[in-house]
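Right, one structure below, let's go through it.
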Amino acid sequence: QVQLVESGGGLVQPGGSLRLSCAASGNILDNVAMGWYRQAPGKQRELVAYTTSGSSTNYGDSVKGRVTISRDNAKNTVYLQMNSLKPDDTAVYYCRAELVLTGTYRYLEVWGPGTLVTVSS
């Protein structure tokens, strides 16, 4: 069984910063890619940032220049540093991971339960 545990969400004032973390645990052979998506009320889920085991990264247009994604492969953990936050960044942030499992070598896509980020004064 594989589990994603997210942390770091909360309330922040406009212009402030937050750091989200997502740790994958379980029978993981390879952590192919990990990243963050977000969904605001009444809107579709959208990409925030993604990083692969080869350290390539991809950022959503709405957050480019304000967020940085990084990963610790040894800990199967991904971090999202968000700066200059705006009220429009208010959303539930979901961690997503693409993993290969030990033993079966099965490819698995896993989503975390989400963590709420609220940007408000």
Side-chain angles (χ1 to χ4, degrees):
Q1 184 177 359
V2 175
Q3 185 179 15
L4 299 182
V5 178
E6 302 151 333
S7 61
L11 174 65
V12 62
Q13 292 187 340
S17 298
L18 274 180
R19 188 189 193 216
L20 305 183
S21 300
C22 173
S25 62
N27 300 326
I28 301 169
L29 175 66
D30 186 20
N31 183 346
V32 178
M34 293 185 75
W36 293 91
Y37 290 74
R38 69 184 184 185
Q39 188 166 18
K43 295 186 177 181
Q44 289 188 333
R45 191 171 296 190
E46 64 174 356
L47 170 70
V48 179
Y50 217 71
T51 181
T52 69
S53 58
S55 299
S56 64
T57 57
N58 188 29
Y59 292 95
D61 290 339
S62 60
V63 300
K64 280 181 180 177
R66 299 189 296 119
V67 306
T68 302
I69 191 167
S70 59
R71 60 189 284 158
D72 184 333
N73 290 330
K75 297 181 178 179
N76 288 319
T77 299
V78 65
Y79 306 96
L80 184 71
Q81 178 67 43
M82 301 189 292
N83 302 319
S84 303
L85 285 164
K86 309 173 183 178
D88 284 348
D89 294 317
T90 296
V92 178
Y93 284 69
Y94 297 92
C95 180
R96 174 178 176 263
E98 299 175 46
L99 308 167
V100 176
L101 304 184
T102 59
T104 63
Y105 300 97
R106 175 187 168 198
Y107 171 86
L108 188 66
E109 179 191 46
V110 185
W111 288 86
T115 184
L116 178 63
V117 172
T118 303
V119 184
S120 175
S121 57

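- The CH2 atom of W111 sits 11.0 Å away from the SG atom of C22 when rounded to the nearest 0.5 Å.
- For the residue pair V119 and K86, the shortest heavy atom distance occurs at CB-O, 3.2 Å.
- Between L20 and V117 there is a side-chain heavy-atom pair separated by less than 4.5 Å.
- Looking only at distances, a side-chain donor or acceptor of E6 sits under 3.5 Å from a matching main-chain atom of G114.
- One finds the CG atom of D30 at 9.0 Å from the CG atom of N76 (value rounded to the nearest 0.5 Å).
- In this structure the side chain of M82 never reaches within 4.5 angstrom of the side chain of V12, judged on heavy atoms.
- Side-chain contact check for N31 versus S53: every heavy-atom pair is 4.5 Å or farther apart.
- Hydrophobic clustering (ILVMFWY, side-chain heavy atoms < 4.5 Å, transitive): V67 and V78 are in one cluster.
- T51 places a side-chain N or O within donor-acceptor distance of the main-chain N or O of S56, the cut-off being under 3.5 Å.
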Take L11 and S120 through the side chain to side chain contact (heavy atoms under 4.5 Å, CB included) test and state the conclusion after the steps.
-> CA-CA 7 Å; L11 174 65; S120 175; 4.2 Å; yes

Distance-only donor-acceptor hits, side chain of residues 40-48, under 3.5 Å, sequence neighbours excluded:
| residue | atom | partner | partner atom | Å |
| --- | --- | --- | --- | --- |
| E46 | OE2 | R38 | NE | 2.6 |
| E46 | OE2 | R38 | NH2 | 3.0 |

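- Atom CG of L4 sits about 7.0 Å away from atom CG of L99, to the nearest 0.5 Å.
- Annotation: the span from D89 atom CG to N83 atom CG amounts to 10.5 Å, rounded to 0.5 Å.
- Atom CG in L18 sits 9.0 Å away from atom OG1 in T115 (nearest 0.5 Å).
- Applying the salt bridge (charged side-chain N to carboxylate O under 4.0 Å, His left out) rule to R71 yields no partners; only residues at least two apart in sequence or on another chain are considered.
- Remark: side-chain polar atoms of Y59 are paired, donor with acceptor, to backbone N or O of I69 under 3.5 angstrom.
- Scanning all heavy atoms of the two residues, the minimum distance from R66 to S84 falls at NH1-O, 3.0 Å.
- Between Y50 and G35, the shortest heavy-atom distance links the atoms CD1-CA, 3.4 Å.
- Nearest heavy atoms, W36 versus Y79: NE1-C, 4.2 Å.
- Rounding to the nearest 0.5 Å places CD1 of I28 at 8.0 Å from CG of L101.
- What you find for T77 and K75 is that their closest heavy atoms are OG1-O, 2.9 Å.
- Annotation for A49 and L80: closest pair CB-CD1, 3.9 Å, computed over non-hydrogen atoms.
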